[in-house]
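Below: the structure, in structure tokens.
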2 protein chains.
Amino acid sequence: MKQVTINDVAKAAGVSRQTVSRAMNDKGEISEETKERVLTAVRELGYRPNRMAQSMVTRRTGTVGLVFSDILNPFFPEVARGVQDVAREQEYNVFLCNTDDDPKVETQILQSLVAQGVDGIIILGSCLGAKALLEFADTYHPIIMTNRFVNHININQLIVDNVRGGALAAEHFVQQGHQHVGIITNENVSYSRVRRIQGFCNTLLQYEVACDDSVIESGAPTLAGGYAAAKRLLTRQPQLTALFAYNDLMALGAMRACRDMNLNIPEQVSIIGFDDIHLTSIVSPSLSSIRVDKYMIGVKAMTRLLEMLARPDAEFPWQEMPVELVLRESTRLVNPQNDLKSS
Amino acid sequence: MKQVTINDVAKAAGVSRQTVSRAMNDKGEISEETKERVLTAVRELGYRPNRMAQSMVTRRTGTVGLVFSDILNPFFPEVARGVQDVAREQEYNVFLCNTDDDPKVETQILQSLVAQGVDGIIILGSCLGAKALLEFADTYHPIIMTNRFVNHININQLIVDNVRGGALAAEHFVQQGHQHVGIITNENVSYSRVRRIQGFCNTLLQYEVACDDSVIESGAPTLAGGYAAAKRLLTRQPQLTALFAYNDLMALGAMRACRDMNLNIPEQVSIIGFDDIHLTSIVSPSLSSIRVDKYMIGVKAMTRLLEMLARPDAEFPWQEMPVELVLRESTRLVNPQNDLKSS
DNA sequence: AAATTCACCGTGAACGTTCACGTGAATGGA
DNA sequence: TCCATTCACGTGAACGTTCACGGTGAATTT
């Protein structure tokens, strides 16, 4: 039950600690012969270096923190998947942390991660203020953030093209002839919320379709939140024929709200979501959405984090993730004669 | 950028390391007065104890590992949620690890977690053999496993009542008058696969409904796997009017397969899934399923792990999780006159 | 033959804590 | 007065590694 230490191996192989260390990390001068001998001793004793002890001196723990708002939103597991796949390849372990979109919790979690000694942190859509983030970045080294624009040497960004996502949705609605469109969005005023609405509304206005606060309703970025928000909005503004949702969960909630209100999709109400999570193609009618490569977000974030770890003083440009409109059954012509493009 | 150590605090407060340590962990003899003085010094310097250093001597890292097959299956995030909520309360951090149902990967992950020094490990449905698990448990202390029965002092079990789950599904099919029922199951022969089929088949046989290998088809426990398996099974055995799926993802895949084969649900084919993940009530028709309290699994697993940590020599009984049949739109009468009970 | 180089390997220190002691002062009772 | 007890705090060691040295013998050069 006692742990096998480097000294046990050293004794067994008849060498010193340092030689064992050299054999394991195959660096430094060591003959092939003794290296073999050490490594067989390692195998026989089942020795694995104690990471805490290593961390003490190397200042590296081989761990990173991944923090996001809600693991129940399928968007995040997909990203996490990408992060983990890259991490495991490099023998990194990753802490997953839910913030519940609560700044208090997020602060606590970040502190906890720092104390834990994680080598880096990836924050998917922080709900902290810019000031708090800058302050945090002052005390802590490599941070990757998505959908957030904070200018700090220790922070590298990965930005989803939210504006274009909103614009694509708006363009489609316009092309389909919709004149009265609404927005179901996150009650928390996040970066992505602002940018998605911005892209959406600006495009609508270009085509002279109205878009103001009266057609926007907010709620939690969940199924229930989308359901409630959609119900409120459609009750208040029954003339709406199209809805753009902050994310797919809200869109799915909105779909259920429509069903409950006896509004047919897409005949009476068209809906476009955001993220293109797996569910979109399972439900019926299937959901049109703005696709973003979630797995790739994870891969890119973790890869960049490793780069920052490898070259602490280098500066890295921020990266942008493209989006794409995926049309499914939840959107359809309102007036066929207005169909400018087929899709 | 340099870390504040316990010595810095000691110097600032004019005391020794040990006194600072006493103040922080408020144990041992220390006067209120100096404790105050130390704590203000701590606040001023922004000192946080280095966990790696603590771990070196206490043999506790304040971390646990949570390993499961696939984070993309919504079942696991819900469990993870429960684990994390309990963990955070006790200042624990949790590593999440995907095994992809690959024994090689799982072994590697377990090794990695041990080297990392996690205080305990929760394994949701291991895909390792009993021998490998016993061997691992010999070298490592507290382990919680779900859906696995391994008799070892270091392992505590949390068992979902799979047999009853299968029985409930079978009973319902029989009561609805189905005479030809099929099974879509996991290609990996896991404990839960065996028990679910066992409960299902035994109950069918009790009612003299046939149930043998010819009506079982296997696939990956995913949407795609369920889709493919259902298509194969329904092609081979077109007389089937009811399907019992290993989990909800496979069930949803099967639903899609039915749609593609122009089989109406539930008029022509009834389907029951397992787990009762959120999706079941979103899709249309909604999916009947065997419900198990996933969040509670996580809570119970983590709670028990903490108990084992607190009392390393105590023995704990294994726990069972109840199941419940939730009927939705995917199941309906075949022959109304056979309806023994209403539900 | 002496000096230099080189390949290989070992030794003390350090990382930041906590644990098991040790110590000195104050207090109490006989 | 003396000893025992209690309280408050400090000191050396230890946890298991790696780093920066230093050393040794053999090979090579001068």
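We name chains A, B, ... by the order of the sequence lines, and we start the count at 1 in each one.
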Expected string for nucleotides 17-22 of chain C under the B/S/- scheme (protein heavy atoms, under 4.0 Å, primed atoms plus P, OP1, OP2 as sugar-phosphate) is BBBB--

Would a distance-only check, ignoring hydrogens and angles, find a side-chain to backbone donor-acceptor pair under 3.5 Å from A/Asn147 to A/Val160?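 Yes, because the side chain of A/Asn147 sits within donor-acceptor range (under 3.5 Å) of the backbone of A/Val160.
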
Does the plane of the ring in B/Trp318 sit parallel, tilted or perpendicular to the ring in B/Phe149? Use 30° and 60° as the thresholds.
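Correct class here is perpendicular.
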
query = Within this structure, what is the CD-to-P distance between A/Glu29 and D/dA20, rounded to whole angstrom?
reply =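 That distance rounds to 13 Å.
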
Starting from P on D/dC7, measure out to NZ on B/Lys35 and report it in whole angstrom.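 It works out to 16 Å between those atoms.
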
Separation of B/Glu135 CD from B/Leu133 CG (nearest 0.5 Å) =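 Answer rounded to 0.5 Å: 10.0 Å.
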
What pairs of donor and acceptor atoms, side-chain ones from residues 15-22 of chain B against any protein atom, are under 3.5 angstrom apart with sequence neighbours left out?
from, atom 1, to, atom 2, distance (Å)
B/Ser16, OG, B/Thr19, N, 3.4
B/Ser16, OG, B/Thr19, OG1, 3.2

NZ/B/Lys35: more than 12 non-hydrogen atoms of other groups inside 6.0 Å
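Enclosed: over 12 neighbouring heavy atoms sit under 6.0 Å from NZ of B/Lys35.
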
For this session: Could you tell me whether A/Ser55 contacts a base, only the sugar-phosphate backbone, or nothing, with contacts defined as non-hydrogen atoms closer than 4.0 Å?
Result: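 If one applies the 4.0 Å heavy-atom cut-off, A/Ser55 turns out to touch nothing in the nucleic acid.
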
Is the phosphate of C/dC8 approached by A/Ser31 (side-chain N or O, under 4.0 Å from OP1 or OP2)?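 False: A/Ser31 side-chain N/O out of range (4.0 Å or more) of C/dC8 OP1/OP2.
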
(message) Under a 4.0 Å threshold between the charged nitrogen and the carboxylate oxygen, would A/Arg304 count as salt-bridged to A/Glu307?
(response)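 The answer is yes: the pair qualifies as a salt bridge.
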
